[in-house]
Amino acid sequence: MQTLDVIVHAISLASATSRSYELRAVDGALPPFDAGAHIDVHLGPSLVRQYSLCNSPRESGRYLICVRREDAGRGGSRTLHRDITVGRRLRISPPRNHFPLVTAQQHVLVAGGIGITPLLSMAEALAARGATFVLHHYTSSTEESPLLERLQVSAFAERTTVHHSDQGDTIRTGLPTELLTPAPDTAVYVCGPDGFMTHVVAETTAAGWQPGQIHTERFAPKARTAAGDEIATESTAEFSAEFTVRIASTGIGYPVPADRTIADVLTANGVEVELSCEQGICGACLTPVLAGEPDHRDEIQTPDERAADNQITICCSRARTPELLLGL
Ligand code: FES
């Protein structure tokens, strides 16, 4: 897996519980990125976390990430807040983007909490190209609004509305005006905690927006039962049965038991695969599918990409057919 060495150039407080980290290349230049991209940050031998880049894609010399400390999280944000200081070297991946801006006449950006990070980069990009857009940011309070000062002095401050739930203004009291009625040639982007996103997607869909107009990025996979179905949906237990993955380059097939992932099985058999989040949210393990039908359980592919059935996240997805032929 290709990685880059960067140095932590600056750290600043972005809210009561969030910090911004400015990363610069140790040698040479950083690869360019598009709005919506994220990087893997290697924080320890088995501690790799994904963070969206929140600066303008037009800035070529630095990557900016903003991280909220999650005391009940899996340890990445605690490590960053506790151990990472200015001058520290870090290993990161080149930027990847599964949440790109699409071509549309208007854009509506809806962020919950720290979900502002990719949307802020998008707003910078849209403002730079003179596009028509609005940004709504939902947070609990002024103190807990990540990057609020930056939003307030941005070139798009007048197109930004910040909502605070401690003032009774939450997504549950009503969608932003721009989302009450579906508009043609308008793209909606949503990023935030799972419950927030589920609510926004359900309400916009109920309002008549088409699934292809709503673009999302999750920070964690949706809750699933042991069988792999999203909680509160019908059981898909039959899809968790054992199946075989066959490697096109060698012709060798490997059985994947119900309690192991494709990536587990391939790694155990010496097949080299690329992994990062292992939760279906980063796209590092997307692998071509040449035959067979995947049972997609990731959060990064669009409905159209899923329907094409020509790639699979091998860290979490399974098969709907007895065999999958992988382009490895
Ligand atoms: S490793 Fe991140 S989607 Fe599979």
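Throughout, residue positions are numbered sequentially from 1 according to the sequence presented. We use all heavy atoms of the structure for the numbers below, so side chains are in, but hydrogens, waters and symmetry mates are not.
- In terms of hydrophobic clustering, with Ile, Leu, Val, Met, Phe, Trp and Tyr side chains grouped at heavy-atom distances under 4.5 Å, F133 and I214 are assigned to different clusters.
- Checked by atom type and distance alone, the side chain of S145 pairs as donor or acceptor with a backbone atom of S141 at under 3.5 Å.
- Connection of L325 to V271 is not established within any shared hydrophobic cluster, with ILVMFWY side chains joined at heavy-atom distances below 4.5 Å, either directly or through further cluster members.
- Distance OH/Y63 to OG/S121: 11.5 Å, rounded to 0.5 Å.
- In summary, of the residues considered (I39, V8, T3, D5), a side-chain contact (heavy atoms from CB on, under 4.5 Å) with L90 occurs for V8 alone.
- By the rule that hydrophobic residues join a cluster once side-chain heavy atoms approach within less than 4.5 Å of another member, V48 and L23 end up as members of separate clusters.
- By the rule that hydrophobic residues join a cluster once side-chain heavy atoms approach within less than 4.5 Å of another member, L4 and I65 end up as members of one cluster.
- Between the side chain of H137 and the main chain of G113, a donor-acceptor pair closer than 3.5 Å is present.
- Donor-acceptor pairing under 3.5 Å is lacking for the side chains of H9 and R62.
- The pair R260-E242 does not count as a salt bridge, with every side-chain nitrogen at least 4.0 angstrom from each carboxylate oxygen.
- If you take CD1 on I171 and CE on M197, they are separated by 11.5 Å, rounding to the nearest 0.5 Å.
- The CG atom of L324 lies 9.5 Å from the OG atom of S317; values are rounded to the nearest 0.5 Å.
- Remark: side-chain polar atoms of S249 are paired, donor with acceptor, to backbone N or O of L328 under 3.5 angstrom.
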Please walk me through it: do E274 and T287 pass side-chain contact (heavy atoms from CB on, under 4.5 Å)? CA-CA 9 Å; E274 190 163 327; T287 301; over 6 Å; no
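- Listed for the T186 side chain is a donor-acceptor partner under 3.5 Å among the backbone atoms of P184.
- Note on F156 and L148: same hydrophobic cluster, where clusters join Ile, Leu, Val, Met, Phe, Trp and Tyr whose side-chain heavy atoms are under 4.5 Å apart, directly or indirectly.
- Side chains of T139 and H164: a donor on one and an acceptor on the other come within 3.5 Å.
- Residues T17 and E144 have side chains that bring a donor and an acceptor to within less than 3.5 angstrom of each other.
- With salt bridges taken as basic N to acidic carboxylate O contacts below 4.0 Å, one links R96 and D40.
- Between D304 and R306 there is no salt bridge, since no side-chain nitrogen of the basic residue lies less than 4.0 Å from a carboxylate oxygen of the acidic one.
- For D27, the CG atom is loosely surrounded, since the number of other residues' heavy atoms within 6.0 Å does not exceed 12.
- Here OG of S140 is found 6.5 Å from CG of D166. Values are rounded to the nearest 0.5 Å.
- Judged by distance alone, the side chain of S154 and the main-chain N or O of A157 form a donor-acceptor pair under 3.5 Å.
- In this structure, H163 and Y138 have parallel ring planes: the angle between them is below the 30° cut-off, well short of the 60° mark.
- Every residue two or more places apart in sequence or in another chain that forms a side chain to side chain donor-acceptor pair (under 3.5 Å) with R24 is listed here: E22.
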R318/E293 under salt bridge (charged side-chain N to carboxylate O under 4.0 Å, His left out): CA gap, chis, key distance, verdict: CA-CA 9 Å; R318 304 192 66 80; E293 188 184 341; over 6 Å; no
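- A side-chain donor-acceptor contact under 3.5 Å links T204 to the backbone of V200.
- Ring geometry for Y189 versus F99: interplanar angle over 60°, hence perpendicular rather than tilted (30 to 60°).
- A donor-acceptor contact shorter than 3.5 Å links the side chain of T250 to the backbone of I252.
- Listed by first then second residue, pairs satisfying salt bridge (charged side-chain N to carboxylate O under 4.0 Å, His left out) with a partner in residues 244-256 read R246-E323, not counting sequence neighbours.
- At distances below 3.5 Å, not a single donor-acceptor pair connects side-chain atoms of S18 with backbone N or O atoms of S15.
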